[in-house]
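Chain naming here is simple, since letters A, B, ... match the order of the sequence lines and numbering starts at 1 in each. Not measured: the values here are computed from a predicted model.
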There are 2 protein chains.
Amino acid sequence: MRCEVVAIGSELLLGQIVDTNSSWIGEQLALAGIDSHFQTKVGDNLGRMVQALETALERSDAVIVCGGLGPTQDDITKEAIAAVMGVDLELDDEVAARIEAMFTSRGRRMPMNNLRQAEVPVGATAIRDPQPGTAPGIIAPVGDKVIYATPGVPSEMKEIITGAVLPDLIQRAGIAATIVSRTLRTWGESESGLAERLAGRVAELDRTGNPTLAYLASGIEGIKIRLTAKGPDVAAAEALLVAEEAEVRAILGDLVFGIDDETIERAVLALLRDRGLTLGLAESLTGGMMGSRVCDVPGASDVFRGSIVSYAPEVKFDVLGVPEGPVVTAEAAAAMAAGARRVLGADVGVAVTGVAGPGADDDGVAAGTVFVGIDLGPAGGDAGPEAFEVKLPGDRLQVRQFAVITAMSALRSRLLAAPVAEPSPYAFP
Amino acid sequence: MRCEVVAIGSELLLGQIVDTNSSWIGEQLALAGIDSHFQTKVGDNLGRMVQALETALERSDAVIVCGGLGPTQDDITKEAIAAVMGVDLELDDEVAARIEAMFTSRGRRMPMNNLRQAEVPVGATAIRDPQPGTAPGIIAPVGDKVIYATPGVPSEMKEIITGAVLPDLIQRAGIAATIVSRTLRTWGESESGLAERLAGRVAELDRTGNPTLAYLASGIEGIKIRLTAKGPDVAAAEALLVAEEAEVRAILGDLVFGIDDETIERAVLALLRDRGLTLGLAESLTGGMMGSRVCDVPGASDVFRGSIVSYAPEVKFDVLGVPEGPVVTAEAAAAMAAGARRVLGADVGVAVTGVAGPGADDDGVAAGTVFVGIDLGPAGGDAGPEAFEVKLPGDRLQVRQFAVITAMSALRSRLLAAPVAEPSPYAFP
């Protein structure tokens with residue numbers, strides 16, 4: 001089964017929007033074990049959309065088209081699919097009734113344009129819109145091949161891909177069973193390191209063929225492990241999945257920080273919230289990136305007090321109370337963490353200081369050298385702040401991004417181990 | 001002249017890397033007035049690369065291939081181009097000598113693999129590598145059409161596109177002259193607003209046809225205006241460009257904050273550095289994003305002291321000295337800016353507070369409501385902090401991004417007007 005992706009929109013070609021939808025779909029296809037050899041972007045032009053779809057159908061078994069399903073005259077993806085199928089569009093009465101009901105319930109009259117969203121090519125099926133009033137997706141058979149259409153809005157696209165397109169694709173791939181899957185997110189071990197730890201388990205899975213396990217390296221998002229299980233029905237497949245997740249977690253332990261779309265910041269905030277703890281940060285090389293990522297998490301204000309971005313050394317000394325001297329040291333990181341707790345009135349303090357590069361800094365510290373400081377306060381038995389050093393790879397931006405994840409991951413493992421804090425080679429009592 | 005882009009790399013299809021190169025090239029083609037109707041991504045597979053190139057050449061006059069020029073066995077873009085041309089690869093002695101000299105100068109022996117980078121398809125030309133030792137680009141004529149190849153490393157790709165590919169494309173498009181261009185970056189006015197201001201000037205340019213002017217909306221990067229001039233030689237074309245830039249700047253004034261790759265943070269830091277001023281920030285809804293963007297600018301440490309991320313109201317009161325009460329107000333923003341100056345020991349303070357959404361917050365303030373506070377200190381004649389309100393569009397992330405740019409843009413205009421600070425409806429003496 002080969003499936004390619006066609007993204008629709010002149011704004012993609014003009015560079016006004018970066019096409020992250022295709023990347024996300026590509027990742028989902030890879031994790032589901034479906035080959036994807038080409039991705040194409042094409043503008044809002046009927047002839048060229050038809051051309052792109054026909055080219056894609058010639059070389060693949062399935063095509064996912066993303067975008068161009070809205071209510072305006074620019075949105076002509078369904079017209080293009082109908083042209084490829086050699087059919088007309090017809091109104092899907094059920095979809096039309098749902099759209100009309102949505103307007104009525106809000107006391108508004110439906111503009112006629114919105115009925116366009118209820119049209120489907122003859123012979124195609126509307127994918128029930130997960131949120132009433134949004135554009136439904138389409139499953140359009142073309143001979144023994146198939147075109148799927150999803151809206152371009154990322155949240156709607158993801159729901160339709162996960163809920164309808166992937167299950168249909170997997171079924172067409174000839175797997176006559178219910179398939180369920182889950183992604184375990186890890187941090188702290190390389191792909192080859194994970195593979196080594198899981199070698200025995202994977203050999204076992206290879207023998208049975210169900211469930212399956214696949215890796216995907218996702219840069220600063222860590223390495224993802226996708227578990228996919230099949231069974232005669234959902235309950236049976238889910239049971240296999242749950243059992244396999246437990247096996248893998250037993251082997252990997254705390255390396256697994258979350259599942260599916262859960263970021264490490266989200267995992268950390270959830271742990272803090274469960275324990276009734278607030279968080280204060282002190283940042284140097286990251287310049288505010290750690291705070292910015294933490295408050296991307298919905299509901300962060302329950303837990304997140306703030307961050308002291310102490311880019312200049314004097315701010316470390318004067319505001320955070322770091323002892324005067326070199327500021328890229330374990331001692332400085334520990335003092336920053338303690339300072340963040342005190343200044344921000346937080347239960348837990350986390351700090352990063354280091355050299356993002358490029359080149360070496362004034363003190364002769366190599367780029368990529370980062371110290372993380374953590375002070376758990378009473379939650380860690382008042383053991384005082386600790387710190388550790390890491391050497392991070394990559395350019396200036398990557399070093400800063402890795403520093404954020406490293407600090408969040410270290411806080412997570414300490415919270416899991418609390419109230420008995422881990423001993424640290426750099427503990428400052 | 002139609003030109004499409006083919007990006008090479010299995011990691012692009014797997015979603016491990018988002019293809020920002022194609023977006024950037026698409027933008028450059030649009031600004032140069034060259035139509036681009038399709039973009040394709042294909043993995044590191046010879047047969048499929050040849051297929052993608054042939055498909056692209058059928059429907060366009062030129063193809064830019066990006067990636068797959070490195071020294072490893074995976075890098076087979078030149079093999080694919082040679083297959084499309086129906087020729088072999090041959091060693092370009094000059095390129096080989098330069099690569100060898102680079103290794104010799106570093107006292108190292110060249111691995112034989114690196115000679116692969118000196119091979120070009122027979123009949124194609126190597127684009128002299130701007131940095132010795134990196135992969136050269138390729139110009140490969142195919143009948144009356146052409147394939148260009150560039151490395152996938154963004155900085156190398158951009159140099160080769162700007163320095164060699166675009167000039168060659170423009171020449172092939174039948175413009176027998178030297179072409180130079182420059183992008184003016186603006187903030188603070190919509191595309192239609194800019195078009196209205198420039199209507200008279202554009203009418204004049206339309207009459208002469210040289211220079212030309214094009215707009216490109218780039219989201220939170222503002223709206224770009226590309227000026228392109230042609231002349232019998234570089235000096236003549238440059239002279240036209242310089243004169244036209246002066247005309248446009250005279251009309252738009254401070255709406256133009258920079259040229260080409262200059263971000264607004266960079267423009268602001270340069271202004272501060274010129275005036276010998278340091279910067280301190282206080283952030284609420286942005287959570288550290290403003291500090292993170294400021295310290296993305298190389299050399300930020302000369303100017304940037306730090307940021308107090310005061311997400312919790314108590315941090316605003318206790319650390320920044322904001323009077324207790326509602327914190328999404330002009331008064332709070334002004335007090336935060338003054339507090340940032342004082343706490344961080346900075347000459348100039350900038351603050352943002354507001355509601356990123358979604359929905360309304362506890363105080364009933366609508367999402368998108370943001371207050372920016374600025375305190376220029378002695379540089380503003382000690383007039384005290386001021387603040388203003390803006391209503392920003394978009395989702396949670398966009399509101400925060402727009403808040404950063406709005407604050408930076410406001411600081412810029414005040415620095416340009418200093419020492420006489422602009423009067424503000426929310427001035428707090």
Counting heavy-atom pairs under 4.5 angstrom with chain A, the leader among B:Asp318, B:Val315, B:Val5 is B:Val315

A:Arg266, CZ atom: more than 12 neighbouring heavy atoms under 6.0 Å | no

Check whether any side-chain heavy atom of B:Ile308 lies under 4.5 Å from a side-chain heavy atom of A:Val309, and answer yes or no.
-> no

Looking at CG of A:Leu13 and NE2 of B:His37, how far apart are the two atoms once the value is rounded to the nearest 0.5 Å?
-> 8.5 Å

Segment of A:Arg293 engaging chain B (4.5 angstrom heavy-atom cut-off) | neither

Output all residues satisfying side chain to side chain donor-acceptor pair (under 3.5 Å) with B:Ser36, sequence neighbours left out; order by chain, then residue number.
-> none

CG-OG distance between B:Asp395 and A:Ser155, expressed to the nearest 0.5 angstrom | 9.5 Å

Just give me the residue among A:Glu11, A:Met290, A:Gln51 that pairs up with chain B most often, heavy atom to heavy atom, under 4.5 Å.
-> A:Gln51

Contact part of B:Leu281 toward chain A, heavy-atom cut-off under 4.5 Å: side chain, backbone, both or neither?
-> neither

Using non-hydrogen atoms and a 4.5 Å limit, figure out which bit of B:Val42 sits close to chain A: side chain, backbone, both or neither.
-> both

Heavy-atom distances under 4.5 Å only: say whether B:Ile25 touches chain A with side chain, backbone, both or neither.
-> neither

With a 3.5 Å cut-off and no angle check, do the side chains of A:Arg305 and B:Ser310 form a donor-acceptor pair?
-> no

Considering non-hydrogen atoms only, spot the tightest contact between A:Gly288 and B:Ser292 and give its length.
-> C-CB, 4.0 Å

In terms of heavy-atom proximity below 4.5 Å to chain A, should B:Glu4 be classed as side chain, backbone, both, or neither?
-> neither

Could you tell me whether the side chain of B:Arg48 reaches within less than 4.5 Å of the side chain of A:Arg59, counting heavy atoms only?
-> no

Minimum heavy-atom distance B:Glu27-A:Gly15, with the two atoms named | OE1-O, 4.2 Å

Check whether B:Thr55 gets within reach of chain A through its side chain, its backbone, both or neither, counting any heavy atom under 4.5 Å.
-> side chain

Compare every heavy atom of B:Arg396 with every heavy atom of A:Asp296, then report the nearest pair and how far apart it is.
-> O-NE, 4.0 Å

